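Hydrogens, waters and symmetry mates play no part in the numbers below; they use all other heavy atoms, side chains included. What you see is a predicted model, and the numbers here were worked out from it, not measured in a lab.
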Amino acid sequence: MTIYEFSVLDMEKKPVSMSDYQGKVMLIVNTATRCGFTPQYEGLEKLHKQYHEQGLEVLGFPCNQFAHQAPENEQEIASFCSLHYDVNFTQFAKIEVNGDGAHPLYTWLKQQKGGTFGSAIKWNFTKFLVDREGHVVGRFGPMVTPEKLESEIKKYL
């Protein structure tokens with residue numbers, strides 16, 4: 001199975017095939033609006049603006065699994081991100097990243113790149129970097145800010 005075989009839901013709950021991103025470098029992030037790491041939206045948007053034309057797609061997946069730090073619905077999340085961080089990168093419908101309800105995309109991502117303490121996502125703003133061929137080439141915890149990923153991203157653009 002490849003990343004391009006998965007389908008996700010956009011903010012309007014319409015299906016989107018990950019094959020739409022074939023040939024792109026993807027930074028996939030589980031996000032939250034009420035987290036200590038929420039200001040990372042600013043860095044993610046900066047990466048998006050700087051490298052989108054070169055083939056970077058920042059893909060945000062709101063997740064409420066960690067201390068209920070994304071309680072809003074999709075429209076409220078989109079509004080919050082636009083108002084506070086001028087977010088224009090693609091965001092999708094809320095998902096779960098761990099447990100029995102984990103989205104199949106995240107189950108696959110975790111199988112490709114386990115974390116320091118196993119495969120489970122430990123918190124919001126865990127990031128997966130996917131190259132243009134669909135290979136997961138990096139996994140970064142929430143403490144790794146988007147700015148610290150710039151040189152790594154540039155390797156694959």
Evaluate whether atom CD of Glu42 has more than 12 neighbouring non-hydrogen atoms of other residues, nucleotides or ligands under 6.0 angstrom away.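 It does not: Glu42 CD has 12 such atoms or fewer within range.
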
Using a cut-off of 6.0 Å, state whether more than 12 heavy atoms not belonging to Glu53 lie near its atom CD.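 Open.
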
Assess the residue pair Ile28 and Phe92 against the criterion (side-chain contact (heavy atoms from CB on, under 4.5 Å)); give the C-alpha distance rounded to whole Å, side-chain angles, the decisive distance to 0.1 Å, and a yes or no. CA-CA 11 Å; Ile28 300 172; Phe92 295 91; over 6 Å; no

Quick one: does any side-chain atom of [X] pair with a main-chain N or O of [Y] as donor and acceptor, under 3.5 Å?
X	Y	value
Arg139	Ser119	yes
Thr38	Ala32	yes
Glu76	Asn73	yes
Ser82	Ser79	no

Name all residues meeting the salt bridge (Lys or Arg N to Asp or Glu O under 4.0 Å) criterion together with [X]; count only those two or more places apart in sequence or in a different chain, and write none if there are none.
X	value
Glu150	none
Arg34	Glu72
Lys46	none
Lys13	Glu74

Please report the closest heavy-atom contact between [X] and [Y], naming both atoms and the distance.
X	Y	result
Cys63	Ala70	O-CB, 3.4 Å
Leu56	Leu47	CD2-O, 3.7 Å
Tyr51	Lys154	OH-CD, 3.3 Å
Ile77	Pro62	CD1-CB, 3.7 Å
Lys127	Gly141	NZ-O, 3.5 Å
Tyr4	Gly23	OH-N, 3.8 Å

Drop me the distance from [X]'s [atom1] to [Y]'s [atom2], to the nearest 0.5 angstrom.
X	Y	atom1	atom2	value
Arg132	Leu157	CZ	CG	5.5 Å
Leu59	Gln91	CG	CD	10.0 Å
Leu44	Asn88	CG	CG	12.5 Å
Asp131	Ile153	CG	CD1	13.0 Å
Gln75	Met11	CD	CE	8.0 Å

Treating Ile, Leu, Val, Met, Phe, Trp and Tyr as nodes and any side-chain heavy-atom pair under 4.5 angstrom as an edge, say whether [X] and [Y] lie in one connected cluster.
X	Y	value
Met26	Met1	yes
Leu83	Phe80	no
Val97	Leu9	no

Among residues at least two apart in sequence or on other chains, which ones pass side-chain hydrogen bond (donor to acceptor under 3.5 Å, both in side chains) with [X]?
X	value
Lys24	none
Ser17	Ser19
Asn30	none

With Pro142 as reference, evaluate Ile121, Asn124, Thr126, Val29 under the side-chain contact (heavy atoms from CB on, under 4.5 Å) test and give the passing residue.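 Of the listed options, the one satisfying the test is Thr126.
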
I'd like to check the ring pair (Phe, Tyr, Trp, His ring centres under 6.0 Å) partners of [X]; sequence neighbours left out, ordered by chain and number.
X	answer
Tyr41	Tyr85, Phe125
His135	none
Phe6	Trp108
His48	His52

Apply side-chain contact (heavy atoms from CB on, under 4.5 Å) to Gln112 and Ile3, showing your working. CA-CA 10 Å; Gln112 302 305 301; Ile3 194 166; over 6 Å; no

Pairwise side-chain contact, Gln40 with Cys35, heavy-atom cut-off 4.5 Å (strictly under):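 In short, these two side chains do not touch, never coming nearer than 4.5 Å.
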
Pair Val144-Glu152, side-chain contact (heavy atoms from CB on, under 4.5 Å): steps then yes or no: CA-CA 12 Å; Val144 179; Glu152 191 68 18; over 6 Å; no

Determine which pairs satisfy side chain to side chain donor-acceptor pair (under 3.5 Å) with at least one residue from residues 94-107, sequence neighbours left out, and list them in order.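 Every pair satisfying side chain to side chain donor-acceptor pair (under 3.5 Å) with a residue in residues 94-107: Asn98-Lys110.
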
Between Val8 and Phe61, does a side-chain contact (heavy atoms from CB on, under 4.5 Å) hold up when you go through it step by step? CA-CA 10 Å; Val8 294; Phe61 289 87; 3.8 Å; yes

